[in-house]
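Remarks on the structure that follows.
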Amino acid sequence: MQYRFRGGVHPLTFKSLASDKLIKRSFIPKRVVLPLSQHTGSPAQAVVSVGDRVNVGDLVAKPSGHISAAVHASIAGKITKIAHFPTYNQARVLSIVIEPEGGEDQDFKPKPDRNIDPIPKEEFLGIIRDAGVVGLGGAGFPADVKLSPPANKPVDTVILNGAECEPYLTCDHRLMLEKTQEILTGLDIIVKILGAKHAYIAIEKNKLSAIYAMEKALKLNSLERRAGPGRLGSVKPKLIALDEKYPQGAEKQIIKVILNRIVPAGGLPMDVGCVANNVGTAYAIYEAVYFGKPLFERAITITGSCVREPVNTWVRMGTMLSDMKDIFGGFTKEPKKIIMGGPMMGFAQYSMDTPISKGVSGVVFLTEEEIDAHKESVCIRCGRCVDACPIGLVPTTLMYRVKGENFPEAKSLGIANCYECGACAYICPAKIPLLDYMKFGKAKIQTI
Ligand code: SF4
Ligand code: SF4
C-alpha cells in the first residue's frame, strides 16, 4: 500500500549536515530563562520566589488550568529573577531565571526503575501531567490532555510520528536510533492509557536507518526489548515507511495519510478516534513514567551550512541560544537568518538571546545566499500554490481576499483550516509571502 497525500512540496532537506551526529550530552549554561508558557493553553503559575534555591527537576511553576503544563528547574541554583522575556515565537512571557552558584549537583536523581504493569491509567496521566510533558513536535499541547479523550470520543488508534519532514532537523531521527526501545515503551504506555487497538509508527523513507532500527526492535519479544518489567501492551505496532514529502509530519496530514481520516477544522485527532504523538514525546513519557523525570531537557538539532559543527544535542530548557556557541563551534560564515524550529514552520529570530523551550526542535542558521531574498512580484496565476496546499485551499484567492480586507469571504473560503505549513509560500515563483497572508487572515477572522 502506498501512503501518499495530495499536495505538498519537496524542498531540499540538508539533513546530511547532522543526521550522523550522535546526540551530545547537555551542558550546564550560566543561567536558564524558563518561560511559564512553553505549551498550548494557559501559562503555568510560579510556585517559587526570587532568592529560592532549587534542584534539577524541582517544580517551579504549576499548571494553571485544564490545558496547561508544569515547568521544572532545568539546572540547580538560585532563582535570580522572575520577569518578562522574549520567547522564540516572539511573545514576551513571564519567565523564571535560575543561575547556578557553583558546587551544585546538576544531575537529575531518577527514581528507581519501577514495575508499571499494575499502575492504573489515571495514575499514568497524573505522572505525565506532573512531569510537564507536552507534545515535542512543535505545538506543545499538554500530553496528559491529549491522552484523556472524553468518553464520547474513544480513541482506537495511536500514531507514533517519526516523519520529521521539516528540512534540516535530525534530532528525531537520532532519537529513534539511540533510544529505540525507550520510544517503543513510551508508545506502549500511550496505547495502554488510551486502550487503543491499533498503533502505527510512521517514518519517512529518508531515515532508513531509523526504519531499520524500529523494525529490529519490534521483532524482539517484550523482555528482550527492554530489560526490567517488560512491555505493557498487547498491540503490535505496524511500521509505515512514508514517501518523502513536506508537510507529511503535520498531525492532521499524517492521520489522513495513514488512516484516511479527516480531522475537522478546529477539531482534534480524537474527534476521528486517533491520537498522534511525536517520538520525542513518547520518549519523554517513558522517562516520566519509569524514572519520574520531568521534562526539563530535550534533544534539538543546531545546523546550517555556515555552522562549523552541526550537532544534535540534549539541551536544558531555558538555555539561551547565545550561550550555546561552543556546542556547535560558531560559524564559518556570518549567518543572515536564525530560525528556531524548522525552516518551513519555524520562527525567525532577531537575536540569539532567546531561550530554548519545550517547543523548539532545532535552530537553523542560514546565509545570505540561502535566503530567498527576491522581491515579491505579482501573482502570475500559475496555480502552484493550489497544487501544493495539502488540504485543498486556494492560497492565491485567499491572499487576495486578505489583501482586500475581505475577511468574511476569506473565512467562508476556509482560511481557518490552514495549518500554516508554508508549502504555498515555498513554491510560489512570485515570492508572495502567502504564509504571512494566511496567518494575518486567520488572526483577523477571530475578530469577526
Ligand atoms: S494555505 Fe495554509 S495549509 Fe495550504 S499550503 Fe498554504 S500554509 Fe499550508
Ligand atoms: S504560486 Fe504564487 S504566482 Fe502562482 S498562483 Fe500562487 S500566488 Fe500566484
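Keep in mind that what you see is a predicted model, and the values were worked out from it rather than measured. Whatever order the structure lists them in is the order used to number ligands and atoms, beginning at 1.
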Using a 6.0 Å cut-off, check whether atom NZ of K439 has over 12 heavy atoms from anything other than its own residue. yes
Identity and distance of the protein heavy atom lying nearest atom 8 (Fe) of ligand 1: C421 SG, 2.4 Å
Does A388 have a heavy atom less than 4.0 Å from any atom of ligand 1? no
Are there more than 12 heavy atoms of other residues, nucleotides or ligands under 6.0 Å from atom OH of Y212? no
Heavy atom under 4.0 Å from ligand 1: found in P390's side chain, backbone, both, or neither? side chain
Taking atom NZ of K431 as the centre, does the number of heavy atoms from other residues, nucleotides or ligands within less than 6.0 Å exceed 12? yes
Tell me whether the NZ or CZ atom of K21 lies within the 45° cone about the ring axis of F328 and under 6.0 Å from its centre. no
Counting neighbours of NZ on K337 that are heavy atoms of other residues, nucleotides or ligands and sit closer than 6.0 Å, is the number greater than 12? no
Y286 and F291: aromatic ring centres closer than 6.0 Å? yes
Atom 7 (S) of ligand 1: which protein heavy atom is closest, and how many Å away? G422 N, 3.2 Å
Taking atom 3 (S) of ligand 1 as the reference point, the nearest protein heavy atom with its distance: Y419 N, 3.7 Å
Looking only at heavy atoms, the pair that brings T13 and E244 closest together is CG2-OE2, 3.5 Å
Would you say C385 has an N, O or S atom lying under 2.8 Å from atom 6 (Fe) of ligand 2? yes
Min heavy-atom dist I427 to ligand 2 below 4.0 Å: no
Report, in ascending order of atom number, the atoms of ligand 2 lying under 4.0 Å from any heavy atom of C379. 3 (S), 5 (S), 7 (S), 8 (Fe)
CD/E368: more than 12 non-hydrogen atoms of other groups inside 6.0 Å: no
List the closest protein heavy-atom neighbour of atom 2 (Fe) of ligand 1: residue, atom name, distance to the nearest 0.1 Å. C418 SG, 2.3 Å
Starting from atom 6 (Fe) of ligand 1, which protein heavy atom do you reach first, and at what distance in Å? C424 SG, 2.3 Å
So which heavy atom in the protein is nearest atom 4 (Fe) of ligand 1, and how far is it from that ligand atom? C389 SG, 2.4 Å
Please determine whether any non-hydrogen atom of G383 lies less than 4.0 Å from an atom of ligand 2. yes
Going by the side chain to side chain contact (heavy atoms under 4.5 Å, CB included) test, name the single residue among I339, T354, I356 that passes it with Y88. T354
What atoms of ligand 2 come closer than 4.0 angstrom to any heavy atom of P429? 1 (S)
